[in-house]
Amino acid sequence: VEAARDRHLAHYAPLPLRARGGLSNTIGRNVAWLEQCARDRDNFRLAFEWAVERSAVDAAVELFSGMGMYWLFLGATEQGERWADAALEMARGLELERRLPVLDIASEFPRFGGDVRRALEIKHEALALYRERGDLRGTANSLDDVGWTYAAMDDYRAAWAAIAEARAIHERDRDTL
């Protein structure tokens, strides 16, 4: 049984992220991605649960990175947050390149689920890592997310400061972004 579950995981782990790569401003591509996720949702869920049970970090992170946006599109914040919690825990030891997308997606579930303080904690962690890495685009995008999260908390002074810093980075480094 374990060998079959391992093969199932190996087959399904890369699919949602590969399909998500097709997300664009083209509605047809996005609909195709959503349809694939809906069609294989149970397989993705089983594969993710097995990845977590087996401590298969790469597969779990890959599945979450692909399916996280699906759960957000559906408004399924409870399901997404369960996946996010597991993915965040598993991603702790990963290199920044693999960890940052998990943080970016995971922070949206508590934000849309009403726990904006938790969302802000995750967003600040991502922001610090983008700054540490010297990633201007990531820093600016993260600052923008932080700003909108502060706005959701009615802290408009902090929101304005974060968004203004993001805008300044975009304007100053337009050619390198």
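Bear in mind the structure is a predicted one, so any value in this text is a computation, not a measurement.
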CG of Leu127 to CG of Asp145, rounded to nearest 0.5 Å, is 10.0 Å

Expected output: side-chain Ser65 to main-chain Glu62 donor-acceptor under 3.5 Å: no

*asked:* What I want to find out is whether Glu81 reaches Arg111 closely enough, with some N-O distance under 4.0 Å, to be called a salt bridge.
replied: no

In this structure, CG of Leu15 is separated from CE of Met67 (nearest 0.5 Å) by 10.5 Å

Practice problem: Please check if atom CZ in Arg157 has more than 12 non-hydrogen atoms from other residues, nucleotides or ligands closer than 6.0 Å. | Solution: no

ask   = Are Leu94 and Asp58 side-chain neighbours, meaning at least one heavy-atom pair lies under 4.5 Å?
value = yes

task = Please examine the side chains of His170 and Asn141, heavy atoms only from C-beta on, and report whether any two atoms are closer than 4.5 Å.
result = yes

One should read off an interatomic distance between Tyr150 OH and Ile163 CD1, to the nearest 0.5 angstrom, of 11.5 Å

Note: Ala84 and Phe109 closest approach over all heavy atoms is CB-CD1, 4.0 Å

CZ (Arg98) and CG (Leu100) are apart, to the nearest 0.5 Å, by 12.0 Å

Rounded to the nearest 0.5 Å, the CG atom of Leu103 sits from the NE2 atom of His124 at a distance of 13.0 Å

Review point. Is any side-chain N of the basic residue among Glu165 and Arg131 closer than 4.0 Å to the acidic one's carboxylate O?
Key: yes

* **Close side-chain approach of Arg7 and His11, heavy atoms under 4.5 Å** => no

For Asp104 and Ala126 the tightest heavy-atom approach is OD1-CB, 3.9 Å

Whether the Gln36 and Arg39 side chains hold a donor-acceptor pair (N or O, under 3.5 Å, no angle test) is what I'd like checked. no

*Below 4.0 angstrom, N of the basic side chain to O of the carboxylate: do Glu125 and Arg99 qualify?*
yes

Nearest heavy-atom contact between Arg92 and Glu89 is CG-O, 3.3 Å

| task | Could you tell me whether Arg5 and Glu2 make a salt bridge, using a distance below 4.0 angstrom between a side-chain N and a carboxylate O? | result | no

Correct closest heavy-atom pair for Ser107 and Ala119 would be O-CB, 3.3 Å

Heavy-atom closest pair (Ala60 atom, Met90 atom, distance to 0.1 Å) is CB-SD, 3.6 Å

| task | Please check if the distance between the ring centroids of Phe48 and Trp83 is under 6.0 Å. | result | yes

Nearest heavy-atom contact between Ile105 and Phe64 is CG2-CZ, 3.7 Å

One should read off an interatomic distance between Phe112 CZ and Leu72 CG, to the nearest 0.5 angstrom, of 6.5 Å

Charged N-O contact under 4.0 Å between Glu49 and Arg45: yes

